[in-house]
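Computation of the quantities below employed the complete heavy-atom set of this structure, encompassing side-chain atoms and omitting hydrogens, waters and symmetry-equivalent molecules.
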Amino acid sequence: MREVADGHFEEGPALLIRDDIIALVERALGAAQQAGDIPQFAAPEITVEHPARAEHGDFSANLPLRIQGMARMKAIEVAEALRAHVPEHEAVERVAVAPPGFLNFYLSPAWVATQTAAIIEAGETYASSTLGGGKRVQIEYVSANPTGPIHVGNGRGAAIGSTLARVMAAAGYEVEQEYYVNDAGTQVAIFGRTLYARYQQLFGREVQIPENGYPGEYVADIARAVKERSGDQFLKEPGEEPDPDLGRIGLDVMIEGIRADLAAMGVEYDRWFSERSLMEEGGAYDVVMDLLEQQNYIARREGAVWFTSSDLGESKDNVLIRSDGQPTYYATDIAYHYDKFVVRKFDRVIDIWGADHQGHVSRVKAAVAAVGADPDALEVLLYQLVTLKRGSQVVPLSKRAGEIVTLRDIVDEVGADATRFFFLLTGANQTMDFDLDLAKKQSDENPVYYVQYAHARIASILVKAQDEGYSSDGGDTGLLLHEAEQALLRQLLLLPEVVEKTVLELAAHHLPHYAQDLASAFHAFYTQCRVIQADQPDLTKARLLLLHATQTVLARTLGLMGISAPSSM
RNA sequence: GCGCUCGUAGCUCAGGGGAUAGAGCGCUGCCCUGCGGAGGCAGAGGUCGGAGGUUCGAAUCCUCCCGGGCGCACCA
């Protein structure tokens, strides 16, 4: 039981064994200094890592190498001195010194084996933690303009955002997922005029799509739907401005489509935040403008209203209100972030943007500071753009171009699971190619099948065991000492670290890589160790428990990625 | 030009101060007389873009250079 926040307690998972090892090193240092084996000095923060080679143990501390200077001793001697003072721990079988000065920890196979029970008990909460301490974090992602269907690049943001949301929730944050709907501004106006042009065309008028308009067929589709439902209700005299209601209806249709497309990929938001709502009388936009005025961050020149962001270290000032009286996207974005921090008081705000918005990051941070919030509480995660390909042929993504490959196309063709896994596999600041031909192939080249197959295989064995009357009741997990069993168990024990790392780095790609390693360890175990053996009832029970634990962790890992864990494929 | 980012196996990518640099795909060769072969094992394949520097130790940090991507609007 650990305190989460405000005296609220919850059942805690087993502590990370890694943290226990760190504590052992720390205590060894204290004891060695106490005993005079190592001189007194303030030690740096202690870390341990998993050695690349199994012969170097399960955990390795490089502390001796790092403090050899301070101790004025050879690293190897520091290591020896520390080793002599490492306290006993049930999980640690032995501690060894290795040149040039590593302190290596070897876990007890028996201890590792018995962790199976703890994993099964934790079930779908395995690898949950209280790292976030109940802090309120908002994750805003995709937020593509509702003037067109969302495309491949948005899909990458969707996969990363919704996965981070799941993982941070597991790590003890109170997470709110949000989509910022740009339902105001010039692009929306252009969309409205485009829709009206399409609408007029349906009544035989010779009207061109406006310059900079949206040529996609989807606008004509909406126009047809409106005509079907409302006839010529929105038709005005030639040359007149379109009815704003028409634009609004069109936008609603688009937003509903976006919502459905994202839902098809397993992405659900807690809130869809309307940009237009900021502009209401006395809304955040008015408040922020007054605030900036009071803080002397406003300048009027060339007929426009400027934010003097260069006073805050920015390379230049930025326009808030254009000379035509329309606020810029930047101005409403300041109001939006004011709402996030000052009105709704999130502890952390994570914005996930495409890398083409990179220039916007410091501007928004400067604005956040100007309205009195902590700019460090805003974390902007940029993902590099996706190049869409058909084989070696690059497909243009632009909404304005002829061919529009939507996210929905991809999800329909390769499935939500493969789409998500594929997007998550590559680190966010790495550009990636999305090869439609390859993604469509549904072959074993797609690693999601490898992972899901492991889960299905386990389910199949468990069913068979049940059919044949085997049970894991009373099984002794201490029997799981085979090399392949131990390797698998060590993978299972890694998930809490992966979750922590994912949260600390805001790097979702660790999960699919871990999933593959875990599946690989399972498949190797499966090949070497038969589970159901009539002449070995005790071992059968123990291995059934191991299967339960593995299935639990696989399902958990897939679940954190928003990917299904099928029982059959 | 300035800023951000990337350059690691034939291809797609991990690793981002630690020990002999990893995985998948592809390639070569093995493994189904028992639980799902969408599987397993082994092998070939690398001057970690280049050059300096910091460090006990650099693919990792710093500087410069080369080469890609993206920004640098009264667009969003």
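- One interatomic measurement links the two molecules: CG of Leu382(A) to P of C72(B), which rounds to 13 Å at whole-angstrom precision.
- A close approach under 4.0 Å does occur between a side-chain nitrogen or oxygen of Lys501(A) and OP1 or OP2 of G16(B).
- By the side-chain hydrogen bond (donor to acceptor under 3.5 Å, both in side chains) test, Ser60(A) is found to be paired with Asn104(A), residues two or more places apart in sequence or in another chain being considered.
- Residue Thr186(A) places at least one side-chain N or O closer than 4.0 Å to OP1 or OP2 of A76(B).
- Going from atom NE2 of His548(A) over to atom C1' of C35(B) covers 14 Å, rounded to whole Å.
- Phosphate contact (OP1/OP2 of C41(B), side-chain N/O of Tyr526(A), threshold under 4.0 Å): absent.
- The base of A14(B) is not paired with the side chain of Asp517(A) by any donor and acceptor separated by under 3.5 Å.
- Contact check of residues 55-63 of chain A against RNA chain B (heavy atom, cut-off under 4.0 Å) returns Glu55(A), His56(A), Ser60(A), Asn62(A).
- Put simply, CD on Gln358(A) is 12 Å from P on A73(B), counting in whole angstrom units.
- At whole-Å resolution of the value, CG in Asp333(A) and P in C75(B) are 15 Å apart.
- Here G22(B) sits opposite C13(B) as a Watson-Crick or G-U wobble pair (both hydrogen-bonding atom distances under 3.5 Å).
- Between the side chains of Asn182(A) and Gln187(A), no donor-acceptor pair of N or O atoms lies under 3.5 Å.
- Here, U20(B) and C48(B) have their C1' atoms 15 Å apart, quoted to the whole Å.
- Ser323(A) comes within 4.0 angstrom of a nucleotide base, judged by non-hydrogen atoms across all strands.
- Within the 4.0 Å cut-off from OP1 or OP2 of G36(B), at least one side-chain nitrogen or oxygen of Ser460(A) is found.
- Of the residues Val553(A), Leu560(A), Leu554(A), the one that meets the side chain to side chain contact (heavy atoms under 4.5 Å, CB included) test with Thr557(A) is Val553(A).
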